[in-house]
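Structure first, commentary second.
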Amino acid sequence: MCGTPEDVYERPASRFVASFMGTSNLVPGTFVAAFAAAAHELRTGPPDEPDTDYGPLNSAAQLASVQGLLSRLPSHAEVVTGGTAMERPGWFHSPTVVAGVRQSDEIVQEEIFGPVVTVQSFTDETEALRLANGVRFGLAASVWTADHARAMRATRALHTGIVWVNTHGTTVSEMPHGGVKHSGYGSDLSLAGLLDYTQVKHVTL
């Protein structure tokens, strides 16, 4: 996700939360502090508990993968909040915000699939979109803005299978769901998903 004071662009997302976030060079410290404070308040627990914001990871191997990415962070990166597995039964991980990362960093270039968000700064809309597209994955992205024209430019420019505007993570059966680049080929849900199970025949009389 990349954002100016009035808008945010988001990079391909993980299965739990967006894996990348950015902020305008005008407000990086203020944004990171506020975002980290909000993330710190998230509650993890069993999905059937009403106060739970998010559940555990799906396996011990995935928990180890997330921890591995965090353990290999370069010296210029900073874990602002979280960064650890929860000391409780199950594969729970604390909500984590990592600031100061660079585009070439492993944690930026790989899918995290855990409650971890990296934050980068940018100077303008063009750079924000370049950063968002500058990975080999392309499942989903979101754009947060009050500017309709900017939202339309971003939705056209983002190379992902799904783009949400001023929301994130919402899917419905009537709309296709699928990624591009290394995030997959084709779509499920909607008519697009059904067409993958058909064989097209062209008949001319």
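- Summarising the geometry of Thr52 relative to Gly45, their closest heavy-atom pair is CG2-O, 3.3 Å, with the distance given to 0.1 Å.
- A continuous path of hydrophobic side-chain contacts links Leu73 to Val108 [ILVMFWY only; heavy atoms under 4.5 Å].
- Every residue two or more places apart in sequence or in another chain that forms a side-chain hydrogen bond (donor to acceptor under 3.5 Å, both in side chains) with Gln67 is listed here: His93.
- Cluster membership check: Met86 does not share its hydrophobic cluster with Leu63, using side-chain heavy-atom separations under 4.5 Å among Ile, Leu, Val, Met, Phe, Trp and Tyr.
- Residues His202 and Thr204 bring a donor and an acceptor atom of their side chains to less than 3.5 Å of each other.
- The neighbour count for Arg72 CZ, taken as heavy atoms of other residues, nucleotides or ligands under 6.0 Å away, is above 12.
- One N or O on the side chain of Gln109 and one on the backbone of Gln103 form a donor-acceptor pair closer than 3.5 Å.
- Closest of all the heavy-atom pairs between Glu127 and Asp124 is N-OD1, 2.9 Å.
- To the nearest 0.5 Å, atoms NE2 (His177) and CG (Leu189) are separated by 7.0 Å.
- Within the 4.5 Å cutoff, no side-chain heavy atoms of Trp164 are placed close to those of Thr155.
- Between the Asp147 side chain and the Ala149 main chain, a donor and an acceptor come within less than 3.5 Å of each other.
- Residue Ile162 is not grouped with residue Val180 when hydrophobic side chains (ILVMFWY) are merged at heavy-atom distances under 4.5 angstrom, including chains of intermediate members.
- Residues Asp53 and Thr44 fail the side-chain proximity criterion, which asks for heavy atoms closer than 4.5 Å.
- In this structure the side chain of Val117 reaches within 4.5 angstrom of the side chain of Phe35, judged on heavy atoms.
- Separating the CD atom in Glu41 from the OG1 atom in Thr81 is a distance of 9.0 Å, to the nearest 0.5 Å.
- Here the side chains of Leu139 and Thr160 are not in contact, with every heavy-atom distance at 4.5 Å or above.
- Here Arg153 contributes atom CZ and Arg150 contributes atom CZ; the two are 6.0 Å apart, rounded to the nearest 0.5 Å.
- The shortest non-hydrogen separation linking Pro115 to Leu57 is CD-CD1, 3.8 Å.
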Before you tell me yes or no, could you show the steps for Val97 and Val119 under side chain to side chain contact (heavy atoms under 4.5 Å, CB included), namely the whole-Å CA-CA distance, both residues' side-chain angles and the distance that decides it to 0.1 Å? CA-CA 7 Å; Val97 177; Val119 182; 3.9 Å; yes

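- Within the hydrophobic cluster formed by Ile, Leu, Val, Met, Phe, Trp and Tyr side chains joined at under 4.5 Å, directly or through other members, Val172 is accompanied by Met175.
- Shortest non-hydrogen contact noted between Ala151 and Val165 is CB-CG1, 4.1 Å.
- Inspection of the His159 and Asn133 side chains reveals no N or O donor paired with an N or O acceptor under 3.5 Å.
- Residue Trp91 holds its CH2 atom at 6.0 Å from OG of Ser59, rounded to the nearest 0.5 Å.
- In the hydrophobic clustering of this structure, Leu69 groups with Val79; members are Ile, Leu, Val, Met, Phe, Trp, Tyr whose side-chain heavy atoms approach within less than 4.5 Å, directly or through other members.
- A donor-acceptor pair under 3.5 Å is absent between the side-chain atoms of Glu111 and the main chain of Ser183, judged by distance alone.
- The two residues Tyr54 and Leu42 make their nearest non-hydrogen contact at CE2-CB, 4.1 Å.
- A distance of 7.0 Å separates NE2 of His182 from CZ of Phe137, quoted to the nearest 0.5 Å.
- Looking at Leu158 and Leu129, their side chains come closer than 4.5 Å, going by heavy atoms from C-beta outward.
- With sequence neighbours left out, Asp196 forms a side-chain hydrogen bond (donor to acceptor under 3.5 Å, both in side chains) with no residue at all.
- Rounding to the nearest 0.5 Å gives a distance of 11.5 Å between CG of Leu194 and OG of Ser187.
- Using a cut-off of 4.0 Å between Lys/Arg side-chain N and Asp/Glu carboxylate O, Arg136 and Glu110 are scored as salt-bridged.
- In terms of heavy atoms, Val32 sits closest to Ala99 at CG1-CB, 4.1 Å.
- When the shell of 6.0 Å around CD of Glu87 is examined, it contains 12 or fewer heavy atoms from other residues, nucleotides or ligands.
- Listed for the Gln62 side chain is a donor-acceptor partner under 3.5 Å among the backbone atoms of Phe113.
- More than 12 heavy-atom neighbours from other residues, nucleotides or ligands sit within 6.0 angstrom of NE2 on His76.
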